[in-house]
Amino acid sequence: MNLSRREFLNVMASASVAGMALGRYADADAATAEQGLYDLPRFGNVSLLHMTDCHAQLKPIYFREPSVNLGIGSMRGQLPHLVGEQLLKAAGIPAGGPLSHAYTCLDFEKAARRYGKVGGFAHLATLVKRMKASRPGALLLDGGDTWQGSATSLWTNAQDMVDACKLLGVDVMTGHWEFTYGMDRVMEIVQKDFKDKVDFVAQNVKTNDFGDPVFKPYTLRNINGVPVAIIGQAFPYTPIANPRYMVADWGFGIQDENLQKMVDEARGKGAQLVVVLSHNGMDVDLKMASRVRGVDVIFGGHTHDGVPVAIPVKNAGGTTLVTNAGSNGKFLAVMDFDVKDGKMADFRYRLLPVFANQLAPDAEMQALIDRVRAPYEAKLSEKLAVTDGLLFRRGNFNGSWDQLICDALMDTQGAEIAFSPGFRWGTTLLPGETITRELMMDQLAITYPYATLTEMSGATIKTVLEDVADNLFNPDPYYQQGGDMVRVGGLSYAMNPGAAMGQRISDMRLRGKLIEADKTYKVAGWAPVAESAKTAPGVKPVWEHVEAWLKSQGGRVKPRHINTPSLTGMQGNPGMTA
């Protein structure tokens, strides 16, 4: 990442201004903190707010950032593949304070107890209202993965989140997990709930028969006399990462050429500022920024990277800034632009952590949350067990929540091995907290939740691991199709992420013995993408297995031994904490 002096000063200004405020007001009461912690001076004449990947978390939560986010090849040592102290160093953030806690996993348990929970739509609403009040004409952009990730979003068919987003004041949105509710439900929301209120944009979603746009490719808004184009980029690999039958009539893809056409078209209509609201993932956005001309900034999502600076990327038309605003309602990005003589002259970017105990909850939003949750409170709050260890899900290889799910599936189904998808969403529990049904469902709430038990040969198991590893560590970001490494229970293995395709996985063992290519093993899993899985004999949703297992633990769940691969070739990689 080679920054010019001006770019470096902009980067450092973003970090230092937020850092000074956060440090000064870290221990203040909510009312005082709201006046100082989030008191950002207005800059320029156009402001955009950005949230992404909230995964339906209406209430404040704990969320641990990853300790492993490896960059391979040219991406080694580059944002977003920096964690812990390396991330703080790159962004100029001091260790040990609230920003350090927000952006890293360092000393997580102690810091979480000190700074409290993050996110929550009532607290986020207070911050959004404050930013919009200080920035006339500011728009709120939602990068997607908003309607999925909680029990209530699943049980209400996303209606709780749709209503909350309208009240929050979302102006423009794109999507990914939204599509797992099916084409009919998505169109119902877009055409009815969002009509004349929220623009759902996606230039890269077209019908499979005639190639017609399914959604508006972009919206053109006038902000304080400046024409601003916001182009949507939905998750390009939805039919691969999620069940194809849910979007059977629609085609996706990255579609750089069409994006360039949309940029040129918007510029031709007078747009002086062009932004892309993306759910590509940050590595894909960085490559896209180098290929498509005329985009001022990409507001990115999907990979849940809380990156405190905007990364400048050179291309044939100039420079495009790339951002990513984290996940779970934990952050709100604020980007101010100074647009002069028909183009962006300067900017300020800040990624603000949403500390729930530093923001008074918005009364109107809190009332909505209470109302939509009321019919389900008894079911949500049922106690299943107490965890003795930290439960989290985030990182390239495994988390303790994922390990718990694998352990439960193996025990309840009599399997030797378990696979759990490399999902990034899911909240965190501190040691000693009670696992309620709601907190369990934060890890499992999807529309294709079926648990599976399959006989696989050793050769097939290796093929599965190699395919997922290539999906995650392919040196070309355009071949990275979403998610982290499949989580594995029972089976140990070694991995070289930087090796060639098909050669990353080795030394696969079960109970110390090498896996045999032609031997068959019982493998448990869940979230199958095949439509036939939901009608298989005896199939049950994964949460029934996990809940039964939790209730069988005698009231307490011991800390999980997290099964991660033995890595080679990654020594000194700044995408791993020491």
Side-chain angles (χ1 to χ4, degrees), residues 14-42 47 49-54 57-65 88 91-135 138 140 164 167-169 306-308 325-336 348-370 427-430 433:
S14 298
S16 62
V17 168
M20 288 173 62
L22 285 166
R24 185 180 306 161
Y25 293 95
D27 298 314
D29 60 83
T32 303
E34 186 180 335
Q35 293 301 317
L37 176 61
Y38 301 105
D39 188 13
L40 300 184
R42 181 185 174 192
S47 295
L49 315 180
H50 177 226
M51 55 174 270
T52 190
D53 296 276
C54 76
Q57 295 302 322
L58 287 175
K59 298 183 68 177
I61 57 153
Y62 293 114
F63 186 77
R64 177 188 181 274
E65 296 297 331
L88 299 181
I93 297 171
L99 275 182
S100 174
H101 172 56
Y103 295 125
T104 76
C105 65
L106 297 176
D107 204 11
F108 177 78
E109 292 178 33
K110 180 179 178 181
R113 296 186 192 280
R114 176 183 179 187
Y115 297 113
K117 294 185 177 182
V118 295
F121 261 51
H123 307 273
L124 179 61
T126 295
L127 185 55
V128 168
K129 285 183 177 180
R130 183 175 180 84
M131 291 299 109
K132 283 195 170 184
S134 65
R135 289 159 167 78
L140 175 59
L167 183 59
L168 186 65
V307 179
S327 67
N328 286 271
K330 185 177 178 180
F331 297 102
L332 179 70
V334 181
M335 199 160 197
D336 298 322
R348 296 289 184 272
Y349 179 75
R350 302 166 186 87
L351 184 59
L352 297 178
V354 181
F355 288 114
N357 61 4
Q358 301 286 3
L359 288 162
D362 177 75
E364 190 178 9
M365 182 64 77
Q366 189 62 60
L368 171 65
I369 294 170
D370 293 342
T427 58
T428 300
L429 272 75
L430 302 181
E433 284 198 286

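Only heavy atoms go into these numbers, but all of them, side chains included; no hydrogens, no water, no symmetry mates.
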> Step by step, would you call Leu351 with Val334 a side-chain contact (heavy atoms from CB on, under 4.5 Å)?
CA-CA 6 Å; Leu351 184 59; Val334 181; over 6 Å; no
> Donor-acceptor check, side chain of His50 to backbone of Ala333, threshold 3.5 angstrom: yes or no?
no
> Can you tell if the side chain of Met365 reaches within under 4.5 Å of the side chain of Leu124, non-hydrogen atoms only?
no
> Do you know the tightest heavy-atom contact between Leu88 and Ala95?
CD1-CA, 3.8 Å
> Any side-chain heavy atom of Asp39 sitting closer than 4.5 Å to one from Arg130?
yes
> Distance from Leu167 atom CG to Glu364 atom CD, nearest 0.5 Å?
4.5 Å
> Name the one of Val128, Val118, Leu359 that satisfies side chain to side chain contact (heavy atoms under 4.5 Å, CB included) with Val354?
Leu359
> Are the ring centres of Phe63 and Phe331 closer than 6.0 Å?
no
> At what distance, to the nearest 0.5 angstrom, does CG of Asp336 lie from CZ of Arg42?
8.5 Å
> Which residues satisfy the side-chain hydrogen bond (donor to acceptor under 3.5 Å, both in side chains) test with Thr427, sequence neighbours excluded?
Asp442
> Is it true that a side-chain atom of Asn357 and a backbone atom of Tyr115 form a donor plus acceptor pair closer than 3.5 Å?
yes
> Counting C-beta onward and ignoring hydrogens, is there a side-chain heavy-atom pair between Met131 and Ser47 closer than 4.5 Å?
no
> NZ/Lys129 to OG/Ser134 distance, rounded to the nearest 0.5 angstrom?
14.5 Å
> Take the angle between the ring planes of His101 and Phe108 and call it parallel below 30°, perpendicular above 60°, tilted in between.
tilted
> Of the non-hydrogen atoms in Gly306 and Pro308, which two are nearest, and what is the gap between them?
O-CD, 3.6 Å
> Looking only at the side chains, is there a donor atom on one of Asp362 and Thr126 sitting less than 3.5 Å from an acceptor on the other?
no
> Could you state the interatomic distance from CG (Leu332) to CG (Leu127), rounded to the nearest 0.5 Å?
5.0 Å
> Between Tyr38 and Pro353, what is the shortest heavy-atom contact and its length?
OH-O, 2.8 Å
> Taking all non-hydrogen atoms of both residues, which atom of Ala125 and which atom of Leu168 are closest, and how far apart?
CA-CD1, 3.5 Å
> Find the distance between CG (Leu58) and CD (Gln366) and round it off to the nearest 0.5 Å.
9.5 Å
> Please name the pair of heavy atoms, one in Leu106 and one in Ser100, separated by the smallest distance, quoted to 0.1 Å.
CD1-OG, 4.3 Å
> Could you report the tightest heavy-atom contact between Pro41 and Arg135, atom names first, then the distance?
O-NH2, 3.2 Å
> Just to verify, which of Arg113, Glu109, Lys330, Glu433 counts as forming a side chain to side chain contact (heavy atoms under 4.5 Å, CB included) with Tyr62?
Glu433
> Atom CG of Leu99 and atom CD1 of Ile93: how far apart are they, to the nearest 0.5 Å?
5.0 Å
> Evaluate Ile61 against Thr428 for side-chain contact (heavy atoms from CB on, under 4.5 Å), listing each step before the verdict.
CA-CA 7 Å; Ile61 57 153; Thr428 300; over 6 Å; no
